[in-house]
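Worksheet: one structure, shown below.
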Amino acid sequence: MAVILTSLVLISGIAILFRYYARYKLNYWKRRGVESLPTDLIFGNFKNAALFKTAPGWHLGELHNAAITNSPMLGFYIFHKPCILLRDLKLIKQIMVRDFENFSDRHFAGSQQKDSIGMKNLFGLKNPAWKYVRSKITPTLTKVSQFYHGIKRMIALVAVFFTPEIVELFGTRVLFNSNFIEKVFWKSMETREKTGIKRGDFIDSLIKLKNEPQNPDYKFEGENLFYQSGTFFSGFESSSTTSSFTLMELAKHSDFQQKAREDINASIEKHGLTYEAFNDMKYLDQCIAEGIRLHPPVSTIDRYTRNDYQIPGTDIVLEKGTAVYISLYGLQQDPRFFENSLDFNPERFNSETNVSDAYIPFGVGPRMCIGMKVGQLHAKVVITMILRRYEVIQLSKDEITLDNRSTFTAAADGINLQFKEIKS
């Protein structure tokens with residue numbers, strides 16, 4: 001009986017201590033005068049995302065929307081870790097552009113960046129290696145489904161993007177097993193080098209980088225070469241997402257779909273099936289832009305505070321190591337910046353309209369996506385090939401549910417469309 005009583009007292013004491021500890025940690029932003037939301041003692045503001053009930057990127061959008069309308073920032077917690085969510089366009093530009101040097105690194109993957117294929121490339125590298133690799137990889141981008149989906153990658157997504165401390169503690173065991181992709185990659189490299197065949201593709205570019213003089217900040221050799229494939233695969237995945245969701249919206253809006261089809265046919269009739277034709281499809285550009293406004297393939301922008309930073313015009317200081325986030329779901333669907341913000345309307349992007357600075361699907365500042373033009377072209381080619389031959393029809397009126405297991409924006413049960421062939 002005495003043992004049971006002692007155990008109960010000990011457990012109660014631990015519970016009380018934890019409660020006081022948690023309340024202190026979860027008052028971090030209140031002590032600094034920053035708006036924050038009610039918290040869970042264990043999960044902070046990230047319970048639904050941490051338990052995979054909600055897609056993490058969408059969850060950040062919900063936090064964005066829960067703030068007081070004109071709040072420039074929102075303090076929130078991933079478990080007990082204080083993070084900041086930017087909501088003001090001037091503040092976003094200040095941090096992401098003017099004060100870029102202090103926010104040049106991404107927060108995800110942590111200091112050791114152990115998610116090699118996903119993070120030890122342009123997406124995750126820290127300075128000065130990032131700056132060097134960007135200068136080398138940019139030319140290559142301007143001339144495997146399991147990696148992005150599945151339960152293990154879902155865990156990796158939350159760990160890498162939002163709690164990189166877990167990655168550093170447990171290492172790569174929580175991450176994706178890239179053995180299959182790695183075997184295919186090295187086989188391709190070996191075959192290409194042995195045969196000497198040149199195809200002017202990504203593999204050729206990597207072989208060229210391998211044979212050039214190396215920079216000590218980042219050497220294109222061994223696994224570092226393989227890590228670059230993460231950039232390549234990610235580009236195709238985001239283009240696929242863009243194509244799918246844009247087609248879904250066009251299926252809902254037959255009038256916009258027909259205008260896009262007319263734009264496509266007129267451009268091809270004028271230029272043939274050429275790069276010039278795709279470049280001339282201005283209305284299709286508008287449709288794609290509106291598609292990724294509502295459904296950004298990568299829905300979160302993150303940064304790491306390299307040194308203490310006082311937010312201009314305030315007494316608020318972001319301490320070194322603070323994670324800084326922007327939610328594209330929140331920002332790009334915010335009625336402050338877009339009229340009828342939840343409606344699909346390609347006319348927002350016509351040549352006579354000033355597009356809000358809240359539209360940043362490819363990021364903002366020096367670290368914005370370098371594959372933007374290639375990704376847009378991929379999406380235009382896919383949509384063009386479909387709309388030329390088929391009328392795209394929506395099969396279900398139900399709203400889609402986002403896949404909580406996907407690194408990118410993805411529909412949990414797919415996007416079900418009917419393709420009805422257009423008679424000549």
Side-chain angles (χ1 to χ4, degrees), residues 57 60 72-73 75 78 81-142 160-165 167-168 209 214-220 224 227-228 230-231 234-235 238 296 298-314 316-328 331 357-358 360-372 375:
L60 279 185
M73 70 195 86
I78 298 177
K81 181 175 70 175
C83 306
I84 200 83
L85 187 66
L86 304 182
R87 302 178 74 254
D88 177 77
L89 301 186
K90 289 183 179 179
L91 181 57
I92 288 172
K93 190 170 290 187
Q94 182 73 43
I95 285 178
M96 298 291 173
V97 181
R98 297 187 183 95
D99 297 323
F100 172 75
E101 286 303 315
N102 196 39
F103 298 93
S104 59
D105 294 337
R106 295 195 189 281
H107 170 254
F108 60 58
S111 60
Q112 298 181 43
Q113 300 180 286
K114 292 187 177 181
D115 184 9
S116 56
I117 186 173
M119 303 304 156
K120 281 195 172 179
N121 51 46
L122 278 180
F123 294 122
L125 279 174
K126 301 181 185 299
N127 261 332
W130 165 79
K131 188 173 183 179
Y132 170 70
V133 173
R134 181 185 175 95
S135 70
K136 292 294 185 180
I137 291 296
T138 298
T140 72
L141 295 177
T142 55
V160 168
F161 274 81
F162 302 105
T163 55
E165 297 84 359
V167 182
E168 297 188 3
L209 290 175
Q214 300 297 315
N215 186 305
D217 289 333
Y218 192 94
K219 296 183 179 181
F220 288 100
N224 279 357
Y227 298 154
Q228 304 316 308
T231 307
S234 298
S238 58
V298 180
S299 60
T300 304
I301 298 173
D302 72 301
R303 293 292 187 268
Y304 172 89
T305 309
R306 301 181 74 180
N307 296 294
D308 288 357
Y309 177 82
Q310 183 170 349
I311 294 178
T314 75
I316 299 169
V317 174
L318 301 183
E319 293 186 310
K320 177 181 178 180
T322 301
V324 178
Y325 291 98
I326 299 171
S327 167
L328 297 192
L331 201 66
D357 288 340
I360 51 173
F362 302 100
V364 61
R367 197 142 194 172
M368 70 183 297
C369 177
I370 66 169
M372 176 177 67

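Since the model is a prediction, treat every value here as computed from it, not as a measurement.
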Discussion item. Do Y325 and I78 make a side-chain contact, defined as non-hydrogen atoms from C-beta onward lying under 4.5 Å apart?
Written reply: yes

Worksheet entry | Within-4.5 Å side-chain heavy-atom neighbours: L60 and S299 | no

Item to complete: Test P72 against every option in L86, L89, I92, D88 by the side-chain contact (heavy atoms from CB on, under 4.5 Å) rule and name the one that passes.
Response: D88

Fill in: Check: R303 and I301 side chains under 4.5 Å, non-hydrogen atoms
yes

Practice prompt. Give the C-alpha distance, both sets of side-chain angles, the deciding distance and a yes or no for side chain to side chain contact (heavy atoms under 4.5 Å, CB included) between Y304 and V324.
Written response: CA-CA 6 Å; Y304 172 89; V324 178; over 6 Å; no

Worksheet entry | Stepwise side chain to side chain contact (heavy atoms under 4.5 Å, CB included) check, D99 with Q94 | CA-CA 6 Å; D99 297 323; Q94 182 73 43; 2.9 Å; yes

Practice prompt. Determine the minimum heavy-atom distance between R367 and S104, stating which atoms define it.
Written response: NH1-O, 2.6 Å

Practice prompt. To the nearest 0.5 Å, tell me how far K81 NZ sits from T322 OG1.
Written response: 10.0 Å

Worksheet entry | Pairwise side-chain contact, M73 with I316, heavy-atom cut-off 4.5 Å (strictly under) | yes

Worksheet item: Do T305 and E319 touch side chain to side chain, with heavy atoms closer than 4.5 Å?
Response: no

Fill in: Side chain proximity check, L328 to V298, heavy atoms < 4.5 angstrom
no

Worksheet, complete the sentence: S327 and G57 have their tightest heavy-atom pair at OG-O, 4.2 Å

Practice prompt. Check whether any side-chain N or O of N307 sits under 3.5 Å from a backbone N or O of K320 as a donor-acceptor pair, and report yes or no.
Written response: no

Practice prompt. Report the C-alpha distance between M96 and I326 in whole Å, list the side-chain angles of each, state the deciding distance to 0.1 Å, and finish with yes or no for side chain to side chain contact (heavy atoms under 4.5 Å, CB included).
Written response: CA-CA 10 Å; M96 298 291 173; I326 299 171; 3.5 Å; yes

